[in-house]
Every structure is written in C-alpha cells, then in structure tokens.
Amino acid sequence: MADLKDFAEQLVNLTVKEVTELADILKEEYGIEPAAAAVAVAGPVAGGGGEDAEEKSEFDVILKAAGASKLAVVKLVKELTGLGLKEAKGIVDSAPAAVKEGVSKDEAEGLKKSLEEAGAEVELK
C-alpha cells in the first residue's frame, strides 16, 4: 500500500510539462485519451484543500512570443535565467516556452514586466 501512496504523491507533484508528457505517453502507448488522463491526474490536486493554496503560490513564466526585439529578449532571458546565450536563444526560438517555472508571484510578475518592456509577449500560469 505504501507504494501506491508514493505513486499518488508523485502524480500530485507533477509539473504542467510533466502532465502533458504523461498524457502523450498514455495516449500513444496505451490508447487512453489525454482528457481522461488530465482528469485522473488533476483529480487528487483538486481534492486537497491545503495543496490547492500551495499551487497558487507558484507560477510559471511563459514566453509566448519574442516580439520585434528578439535580440533584446534573448539577452534578457540569458540574464534572468543565468543560462548561456545558446540556451537562452533556444528558449526564445521555441516560444511558447517556459522561461522560469515554480517561482513566487512577485518574482513572476517582475520577470513578466521586464520581458514585456523588452518587447516580448509573456503569460503567467
């Protein structure tokens, strides 16, 4: 029974990206539609009252588009994330892409403001 509890905890702690990957695996390898997988994975999260508040305290900063000033956005992503130039360019080129995940609301809003000032289109999730 302890193994099932560990498995349930792993499911509850999945990131959005991991849930998407899990849904793809379930669909391709087992024929389970992603909507059913999303409900199965999201079910335990919605049920936990304390965990729901915790989820809202962490945000993902998603770069939707670089805008007209792509070079400025690449430089800013490099500066904000501490990544190398090649990795920062990869994030910008693959937009929509996560710039930072699991950050506080204040940090996420600061990152969004900085990126938007550089000309990027940004979304918080």
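Under the 4.5 Å side-chain contact rule for hydrophobic residues, Val99 and Ile62 do not share a cluster. Under a hydrophobic-cluster definition in which Ile, Leu, Val, Met, Phe, Trp and Tyr are linked whenever side-chain heavy atoms come within less than 4.5 Å, directly or via other members, Leu83 and Leu71 are assigned to different clusters. Note on Leu85: it clusters hydrophobically with Leu63, by side-chain heavy-atom contacts below 4.5 Å among ILVMFWY residues.
Considering only residues two or more places apart in sequence or on other chains, Ala118 meets the side chain to side chain contact (heavy atoms under 4.5 Å, CB included) condition with Val73, Leu76. In this view, Glu121 and Lys64 satisfy the salt bridge (charged side-chain N to carboxylate O under 4.0 Å, His left out) rule, not counting sequence neighbours. Scanning for side-chain hydrogen bond (donor to acceptor under 3.5 Å, both in side chains) contacts around Ser104 gives an empty result, with sequence neighbours left out.
Evaluation of the side-chain hydrogen bond (donor to acceptor under 3.5 Å, both in side chains) test over residues 87-102, restricted to residues two or more places apart or in two chains, returns Lys70-Asp93, Lys89-Asp93, Lys100-Glu107. Residue pairs meeting the side-chain hydrogen bond (donor to acceptor under 3.5 Å, both in side chains) criterion with at least one member in residues 111-120, sequence neighbours excluded, do not occur.
A donor-acceptor contact shorter than 3.5 Å links the side chain of Asp60 to the backbone of Gly102. For Glu18 (side chain) and Thr15 (main-chain N/O), a donor-acceptor pair under 3.5 Å exists by modelled atom type.
Screening Val103, Thr81, Leu80, Val77 for a side chain to side chain contact (heavy atoms under 4.5 Å, CB included) involving Val61 leaves a single residue, Val103.
Considering CG of Leu115 and CG of Leu111, their distance stands at 6.5 Å, rounded to 0.5 Å.
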